[in-house]
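Notes to accompany the following structure.
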Number of protein chains: 2
Amino acid sequence: PHHLNSPTVYNSVFYTAQFWDGRSPHLSDQAQGPIQAVPEMAAPANLVKERILSIPAYIAEFKTAYGNDVDITFPKIADTIATFEKTLVTPSPFDNYLNGDENALTTAEKKGLNTFIDKGCSSCHTGIAIGGTMQPFAQAAKYKFAHIGDFKGDEKGFVKTPTLRNITETAPYFHNGAIWTLEEAIKEMGSTQLGIKINDQDAADIKIFLGALKGKKPTITYPQLPEESDSTPRPTFD
Amino acid sequence: PHHLNSPTVYNSVFYTAQFWDGRSPHLSDQAQGPIQAVPEMAAPANLVKERILSIPAYIAEFKTAYGNDVDITFPKIADTIATFEKTLVTPSPFDNYLNGDENALTTAEKKGLNTFIDKGCSSCHTGIAIGGTMQPFAQAAKYKFAHIGDFKGDEKGFVKTPTLRNITETAPYFHNGAIWTLEEAIKEMGSTQLGIKINDQDAADIKIFLGALKGKKPTITYPQLPEESDSTPRPTFD
């Protein structure tokens, strides 16, 4: 098995690269992948387009969104998914702190933030996603679970730095999902990326800060999907 | 493959039997099945209980719902799922008609209702679910797709009559999902169950009535699930 740990879609609009190997530049491109990938949805682009075009309610919604002259292509369909994904942002107490509210973080969270910066974590976990760029992986020491799965990064061995937003909710950690506790993940990053030993106290402090990156998620109502028509392409079976 | 077509969960509270072979008497019992079934969630009852008990936010919610003395067992967890499922009911124009609003159905829908009754459809599609009891299957003639899949009903060859509520939205039809249009499904039922030939006009009329069984679905907000703890059991891999 590949042992690939699906990155969260929350805040993924802030990544500079999509997928763990960064092979996709943005969400609209990324969304074309899993739909077509055989181990995932296995739906060829033309089939996806035919399905949407066979359902009058979908055509009406595309016209409402893009105008009557809309050309409903597979890239347009993926782009529509990406438009939804762009709404999946989760403002956190840390953002309030950055916006000037000094009381938005507790004393312990501020201490953890200092440790986070002092230890060098912020050299890779950068930007609005606090992650999301391509970085060399395991440059200081070997990742202790490197033997699990077949993912080795891009051609240079670079791996996308995952966002730290909502990290307390997104175990397991790393591309192969082999580490389950945040303390262990913090220590492993110290070792493999920074070449330092992060002790128990510092890991605990950093973990407290990371909790302040847990954000408010948008309220999403389950959609009432339109019914298909007699011309909707049907699945085939072996 | 089994070629089993998952019945809709909407209005399933009104069934007298759960699963196509009716082996389960109610939703609370039914919900224990897919969680444990190896081809589905493959989660042993004890593991499910351990997971819930390892997450403080879930324990708090159980106490809120059932009182501080709640015994969080696997059956209690399944029962909680069933409680949610019981809310998935979809009142339709037909219900308004039954409640005395003679204008709730169009003239064409009323004509279709008459045909539905005249042809004998209502002899099996009974009760509030307009279906949901165990009935002999293919008693008048062989089901034309009987060769697809391995499901043959219960020990007597009985099959659960599916609800007709929202039937325009729940293609494909029958336990093995081999028929995709409602007209064809109506005609096949005439043949296999009633021993009559339903002509194109009658099938079209019945289909129009069935459209009046499309109901208003409850608004459901995606839940914000609580985060796990360090003691939450982790999955094992091969």
Side-chain angles (χ1 to χ4, degrees), chain A residues 1-5 8-10 51 54-57 84 87-88 90 145 147-149 166-173 176-185 203-204 207 210-211 213-238, chain B residues 1-5 8-10 51 54-57 84 87-88 90 145 147-149 166-173 176-185 203-204 207 210-211 213-238:
Chain A
H2 297 307
H3 284 280
L4 273 177
N5 177 24
T8 176
V9 73
Y10 283 111
R51 284 199 175 131
S54 76
I55 298 175
F84 166 67
T87 70
L88 301 175
T90 66
F145 292 118
H147 59 285
I148 297 179
N166 308 304
I167 194 73
T168 61
E169 299 178 282
T170 55
Y173 301 112
N176 62 3
I179 290 184
W180 284 82
T181 71
L182 203 41
E183 291 90 338
E184 189 180 357
K207 180 180 169 178
L210 295 179
L213 300 175
K214 180 169 170 173
K216 181 172 163 51
K217 296 185 191 66
T219 298
I220 299 172
T221 302
Y222 276 81
Q224 307 283 343
L225 299 181
E227 59 192 64
E228 61 186 26
S229 73
D230 287 353
S231 65
T232 301
R234 297 161 192 171
T236 51
F237 296 103
D238 47 7
Chain B
H2 296 306
H3 285 280
L4 273 178
N5 177 23
T8 176
V9 73
Y10 283 112
R51 283 199 175 129
S54 76
I55 297 176
F84 166 68
T87 69
L88 301 176
T90 67
F145 292 117
H147 60 287
I148 296 178
N166 309 304
I167 194 75
T168 61
E169 300 177 282
T170 55
Y173 301 112
N176 61 4
I179 289 184
W180 285 81
T181 72
L182 204 40
E183 291 91 336
E184 189 181 356
K207 180 181 169 178
L210 295 180
L213 300 175
K214 181 169 169 172
K216 181 173 164 49
K217 296 183 191 69
T219 298
I220 299 171
T221 302
Y222 276 82
Q224 307 282 346
L225 300 180
E227 58 192 67
E228 59 185 30
S229 73
D230 287 352
S231 65
T232 301
R234 298 160 192 173
T236 51
F237 297 102
D238 47 7

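Everything numeric here is computed off the predicted structure, so don't read it as measured data. In what follows, chains are A, B, ... by sequence order, proteins preceding strands, each numbered from 1.
For A/Pro223, the part sitting under 4.5 Å from any heavy atom of chain B is the side chain, from C-beta outward, and nothing else. Contacts of B/Gln224 with chain A are made by side-chain atoms alone, with heavy-atom separations under 4.5 Å and no backbone atom involved. For B/Leu182, no part sits under 4.5 Å from any heavy atom of chain A, backbone or side chain.
With sequence neighbours excluded, the residues forming a ring pair (Phe, Tyr, Trp, His ring centres under 6.0 Å) with B/Tyr222 are A/Tyr222, listed by chain and number. Qualifying side chain to side chain donor-acceptor pair (under 3.5 Å) partners for A/Glu228, counting only residues two or more places apart in sequence or in other chains: none.
B/Glu183 has its side chain within reach of A/Asp230: a pair of non-hydrogen atoms, C-beta onward, lies under 4.5 Å apart.
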